[in-house]
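Written out below as structure tokens is the structure these notes cover.
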Amino acid sequence: MTDSEYTPPEIEAKWQKRWENDHLYKVTEDSPRPKWYEMTMFPYTSGALHIGHWYAMAPSDVHARFRRMQGYNVMHPMGFDAFGLPAENAAIKNKIHPFTWTMQNVENMRRQLKSIGACYDWDRELVSCLPEYYQWTQFLFLKLYHAGLAYRGTAPVNWCPHCQTVLANEQVLNDGHCERCDATVIKKDLEQWFFRITNYADEMLDFSKVQWPERIKTMQTNWIGKSQGTEIRFGMEASDDKEIRVFTTRPDTIFGVTFMVLAPEHPLVGKLTTPEHRKEVEDYITASRHRSEIERLSTTKEKDGVFIGAYAINKLNGERVPIWIADYVLLSYGTGAVMGVPAHDERDFAFAKKYQIPIKTVIAPHGWKGEELTEAYIEPGTMVNSGQFDGIPNKQGIEEVNDFIESKDYGQRKTTYRLRDWLISRQRYWGTPIPMVYCPECGVVPVPEEDLPVLLPEDAEFKPTGESPLKYCESFVNTTCPRCGGKAKRETDTMDTFMCSNWYYMRYTSPGCDTVPFDPAKMKYWMPVDQYTGGAEHAVMHLFYSRFFTKALRDVGLIDFDEPFIRLFNQGTIVYQKHKMSKSRGNVITPEEYVSVLGADTVRAYLMFIGPWSQGGEWSDTGINGISRWLNRVWNLVAGEEPAFHDKGDPSAILELQRITHRTIKKAYQDLDSFHFNTMLAALMEFSNYLGNVRDSKAIDRKSWQEAITTLLLLMAPSTPHLAEELWERTGHPYSIHQQLFPSWDEKLLVNKQVTMVIQVNGKLRDKLTVDASIAEADAKQLALEQERVKNYIEGKEIVKIIFVPGRLVNIVAR
RNA sequence: GCCGGGGUGGCGGAAUUGGCAGACGCGACGGACUUAAAAUCCGUUGGGAGUUUAUCCCUUGUGGGUUCGAGUCCCACCCUCGGCACCA
């Protein structure tokens, strides 16, 4: 009887091989079906997939398979995010070349991915570290460069004084120390490559063309940080030719300015500092440069600063205002200078208290009688001590002060953004080389498109010096100028790996294309992505950069759509032993140990069953047994001993079987459509449990039974593709179940003639009756009042009213 | 501090959006099968009272409120998990 045993490893291997040989999931652009492009974020080539990867990929595959069964021409591609720092660290540690390390991982991960049994079109696979891919990353960089969207500028970067190199943010530990040598990381100004993402700040606030979770849209909106305010010019007491510009959202408090603060790096600091304060100021600047970013940005740190000896003039009231520097003011935001209004700003209040700077109230709280404020008052109020603006509500005052300032040319309304341009330079080997050349004669010269790719040299040396191996690779650095032909040097920085993921979803449309990054006709057919799934941790990184990049490529003229991903769904995180899985914590679940015994279908279904996909969940070693048992029960139900059939079938039993079958179809359809996989599986379990009872009842004819079983298999096909395919074959259906349409339901069959009516007295359940679903209100009420149990509760009481909810309940209100 | 998700049995989680709280599954307990164990199958399983049959009371983080009726709506608070955090 081995033939009737469920042996997942055997049947899974069998079907995976067959699907691959038949190219069952290959998609082309000439299908009569409507297209559907569904993808999940490609994995980083860290070495092996753990169950967390499966948690992202398996349900996404289920959804893609569901769309196939709905009749779409579904493209569901897979690839590898293959550039990045871990490969370089592995090179240093294990003396293995990053390319070798990465490609070994790709091979291992591809093998693992194939075991999921997903409907990936493997012909479209891409690996971002291969020249056939990254030459186009370079190509697109050049397009942005020529459009003025890529530029070279100076930026403060993380600098480790011990390793003598720049560090990426992720290489700086939380306490501000270098991850490699533990020295304190400081900021240093270096020439870097940037993308003008700020050009798109306003357009990126517009989410009208996407259906994304509110959460992600809010995070991106906050990240852009658009702020409407006023830029105001303050004169200098000592010199007429200098002025300080400040940015404020509270011009209504301009009469309350009692000091001014510049960022320590502000260019005017050196010029304005008086000789007697110079030493103190320089010491402060040096100290703040050595403070780590974390320390400097800590909101709990007490605000400190030093007076530079100079005074500015508030043009609105002619008052002289002492100028300080303090590192809570950031050079990168606004103008790098703020006006200090201690009465109406918490930070300014704390600063003024510490240094005994006067606090002048200019916005009166309701019922204020001139008493000193004990804390900053930031609520609305009436303007006081503000000259001609006295008595005006401050909200209105903002506009009136703005009008006045603009009429006098003291400043103007201005919008600022928290968003900064995207710094894409990385001082590393294992990334896409930036295709630029430095020529002593011609300056910065882009590599011509026909000379791409600029290949990574294979013979670079990896030493733990903390510096980019490219910089010391003579064969790479020394080149000729594309313009004058003279001796020149290559750019040795490589691109941020987020550059690879900026456009990989476009490349999937045109695998192997070697004349352009993507084929316009294929792009027109597939793009944009209809459904993207992945973790929310990329909200202001990959998901943000890709929106920018899409808009930039549109403006360069390469594409004609505005948004890369129409619909976005974020799955939650799977945890084990209450923690996120990670190698360092040692709580990683490897899929193989379960796949090889229980099967991929069981693992897929269990991951879907843990809880709502959007919420994540905890892996349970015993919980998965429930799914395994269920799939065995389904197997026995379908492939086990044939049940004893009734000749014609009991009509009421058949009707009920139909009702439950169609109810299950509807539930499965709607749950799959909305990513509610856990409740879908619960419904399928109920259905199969019910079928088990039906089988034992002997009240059903052969045909009705076979219909129900066929439906069950079709409903299970997206979730457990191998099991469904095997049983599909065993029940005599032609190959393949994965080319069938999802069953549809008939609303008429869902209606139950008999329902359970709940009877309540004062809202408490007192009885239940089985009645006709169509029972009339009067009949229901009378029936309720006649029940013995009900009588006990209403005896001697006055019936105030009776609530009737058709087909559901009667509630008797008695006092 | 601000923004967002969440708090329901021993555990993971359901609940047609205001109408039978605890679907489905795990675990546990009891039974069948077995020489035995595993697997499988059948029962029981929120807490309490009770003549352990009938029946009743309590129960969705806490405290109030609205309603015939609240896990679901409103107000206040507590806890928890994410994200942002001196943005002037």
Side-chain angles (χ1 to χ4, degrees), chain A residues 213-216 218-219 221-223 225-227 229-230 246-250 253 261 263 296-301 303 326-330 332-341 344-348 350-351 416-420 536-537 539-540 570 572-573 575 578 580 605-606 609-612 614-630 632-633 636 663 666-667 670 676 678-689 692 756-768 789 792 800-805 807-815:
Chain A
E214 285 305 319
R215 190 162 62 112
I216 304 294
T218 304
M219 282 167 78
T221 301
N222 292 341
W223 188 256
K226 182 173 183 171
S227 172
T230 316
V246 301
F247 175 76
T248 181
T249 54
R250 293 294 303 277
T253 64
V261 187
R296 228 184 121 166
L297 290 179
S298 163
T299 48
T300 52
K301 190 199 78 173
K303 302 189 182 358
D327 62 7
Y328 76 86
V329 173
L330 310 171
S332 57
Y333 185 78
T335 59
V338 300
M339 57 187 212
V341 185
H344 308 293
D345 182 282
E346 284 174 33
R347 294 154 301 176
D348 295 347
F351 195 81
T416 51
Y417 301 86
R418 182 186 173 281
L419 182 67
R420 302 271 67 100
E537 67 273 16
V540 293
N570 299 116
T573 310
V575 300
K578 302 284 172 205
K580 192 172 174 172
Y606 178 59
F609 189 66
I610 287 176
S614 60
Q615 302 289 307
E618 182 165 5
W619 175 268
S620 156
D621 298 316
T622 52
I624 193 171
N625 292 333
I627 297 292
S628 181
R629 285 174 200 153
W630 175 54
N632 268 294
R633 284 201 302 277
N636 292 331
R663 189 182 70 183
K666 183 177 182 180
K667 176 76 176 157
Q670 293 181 337
H676 293 140
N678 57 329
T679 47
M680 177 203 62
L681 287 180
L684 293 187
M685 286 177 189
E686 273 186 273
F687 186 44
S688 69
N689 290 346
T756 302
M757 186 170 74
V758 170
I759 303 184
Q760 299 180 334
V761 177
N762 292 332
K764 288 190 174 165
L765 175 72
R766 295 305 175 193
D767 211 344
K768 293 180 194 177
R789 293 194 211 171
N792 292 337
V800 183
K801 62 171 160 177
I802 304 177
I803 310 283
F804 174 68
V805 181
R808 193 150 299 165
L809 69 77
V810 172
N811 186 14
I812 301 163
V813 187
R815 281 217 171 82

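Quick note: numbers below take in every heavy atom, side chains included, and nothing from hydrogens, waters or symmetry partners. Each chain gets a letter, A, B and so on, in the order its sequence line appears, and its residues count up from 1.
- From A/N625, atom CG reaches atom CG of A/N632 across 11.0 Å, with rounding to the nearest 0.5 Å.
- With both ends at atom P, the span from B/A32 to B/G22 equals 31 Å, rounded to whole Å.
- When heavy atoms are screened at a 4.0 angstrom cut-off, A/I610 is found touching the sugar-phosphate backbone but no base atom.
- Side-chain polar atoms of A/D621 and A/W619 form a donor-acceptor pair below 3.5 angstrom.
- When the side-chain nitrogen and oxygen atoms of A/R663 are compared with OP1 and OP2 of B/A23, none of them lie within a distance under 4.0 Å.
- A donor N or O paired with an acceptor N or O is not found under 3.5 Å between the base of B/G13 and the side-chain atoms of A/Q615.
- Among the heavy atoms of the strands, none lies under 4.0 Å from A/G334.
- Between A/N570 and A/E537, every side-chain heavy-atom pair lies at or beyond the 4.5 Å cut-off.
- In this structure, A/Q760 places its CD atom 11 Å from C1' of B/G18, rounding to the nearest Å.
- Atom CD1 in A/I759 sits roughly 19 Å away from atom P in B/G19 (whole-Å rounding).
- Side-chain proximity of A/K764 to B/C58, B/A88, B/C56: nearest is B/C58.
- Heavy atoms of A/R420 sit nowhere under 4.0 angstrom from any nucleic acid atom.
- OP1 and OP2 of B/A85 both lie 4.0 Å or more from every side-chain N or O belonging to A/N222.
- B/G18 and B/C11 are spaced 29 Å apart, taking the P atom of each and rounding to whole Å.
- The A/V758 side chain lies nearest to B/C20 when the options are B/C26, B/C20, B/G19.
- Side-chain proximity of A/R347 to the nucleotides B/C87, B/A14, B/C57 is greatest for B/C87.
- If you measure from atom CZ of A/F609 to atom P of B/A23, you get 11 Å, rounded to the nearest angstrom.
- The side chain of A/M685 lies closest to B/G25, out of B/G12, B/G25, B/G19.
- For the pair A/R633 and B/G25, the criterion of a side-chain N or O lying under 4.0 Å from OP1 or OP2 is met.
- The side chain of A/R808 contributes no N or O atom lying less than 4.0 Å from OP1 or OP2 of B/C20.
- Contacts of A/N811 with the nucleic acid, taken as non-hydrogen atoms under 4.0 Å apart, include base atoms.
- Contact annotation: A/T416 does not reach the phosphate of B/C87 (side-chain N/O to OP1 or OP2, under 4.0 Å).
- Looking at heavy atoms from C-beta onward, A/I812 lies in side-chain contact with A/I802 at the 4.5 angstrom threshold.
- Straight-line distance between the P atoms of B/G61 and B/G12: roughly 14 Å, to the nearest whole Å.
- Nucleotides B/A21 and B/U16, compared at atom P, are 14 Å apart to the nearest Å.
- Side-chain N/O atoms of A/K303 include none lying less than 4.0 angstrom from OP1 or OP2 on B/A88.
- One finds no side-chain N or O of A/R418 lying less than 4.0 angstrom from the OP1 or OP2 phosphate oxygen of B/A88.
- Contact of A/K801 with B/C68 (side chain to base): no donor-acceptor pair of N or O atoms is detected under 3.5 Å.
- Of the two residues near RNA chain B, A/E537 and A/G626, the one whose nearest nucleotide lies more 5' is A/G626.
- The CZ atom of A/R766 sits 12 Å away from the P atom of B/U55 (whole-angstrom rounding).
- To the nearest angstrom, C1' of B/C57 lies 14 Å from CG of A/L765.
- One can place CZ of A/R215 at 11 Å from C1' of B/C81, the figure rounded to the nearest angstrom.
- Using atom P as the reference point in both B/G82 and B/A76, the two lie 26 Å apart (nearest Å).
- Taking atom P in both B/U53 and B/C58, the straight-line distance is 23 Å, to the nearest Å.
- Of the two residues contacting RNA chain B, namely A/I624 and A/V540, the nearest-nucleotide position lying further toward the 5' end is that of A/I624.
- Rounded to an integer number of Å, the gap from OH of A/Y417 to P of B/C84 is 22 Å.
- B/U72 and B/U59 have their P atoms separated by 13 Å, given to the nearest Å.
- Put simply, the side chain of A/R420 gets close to the backbone of A/S332: a donor and an acceptor are under 3.5 Å apart.
- Across the protein-nucleic acid pair, A/L684 atom CG and B/G25 atom C1' stand 13 Å apart, rounded to whole Å.
- Listed nucleotides: B/A23, B/G12, B/G27. Nearest to the side chain of A/E686: B/A23.
- Note that NZ of A/K580 and OG1 of A/T573 are 5.5 Å apart. Values are rounded to the nearest 0.5 Å.
- Among the heavy atoms of the strands lying under 4.0 Å from A/V338 is at least one base atom, whether or not backbone atoms are also near.
- At least one side-chain heavy atom of A/Y328 sits under 4.5 Å from a side-chain heavy atom of A/D348.
- Side-chain nitrogen and oxygen atoms of A/N678 include none within less than 4.0 Å of the OP1 or OP2 phosphate oxygen of B/G12.
- A/F687 places none of its side-chain heavy atoms less than 4.5 Å from the side chain of A/K667.
- Spacing of P atoms, B/C68 relative to B/C56, comes out at 25 Å, to the nearest Å.
- Residue-level contact check: A/N689 touches the backbone only, with heavy atoms under 4.0 Å from sugar-phosphate atoms and none from bases.
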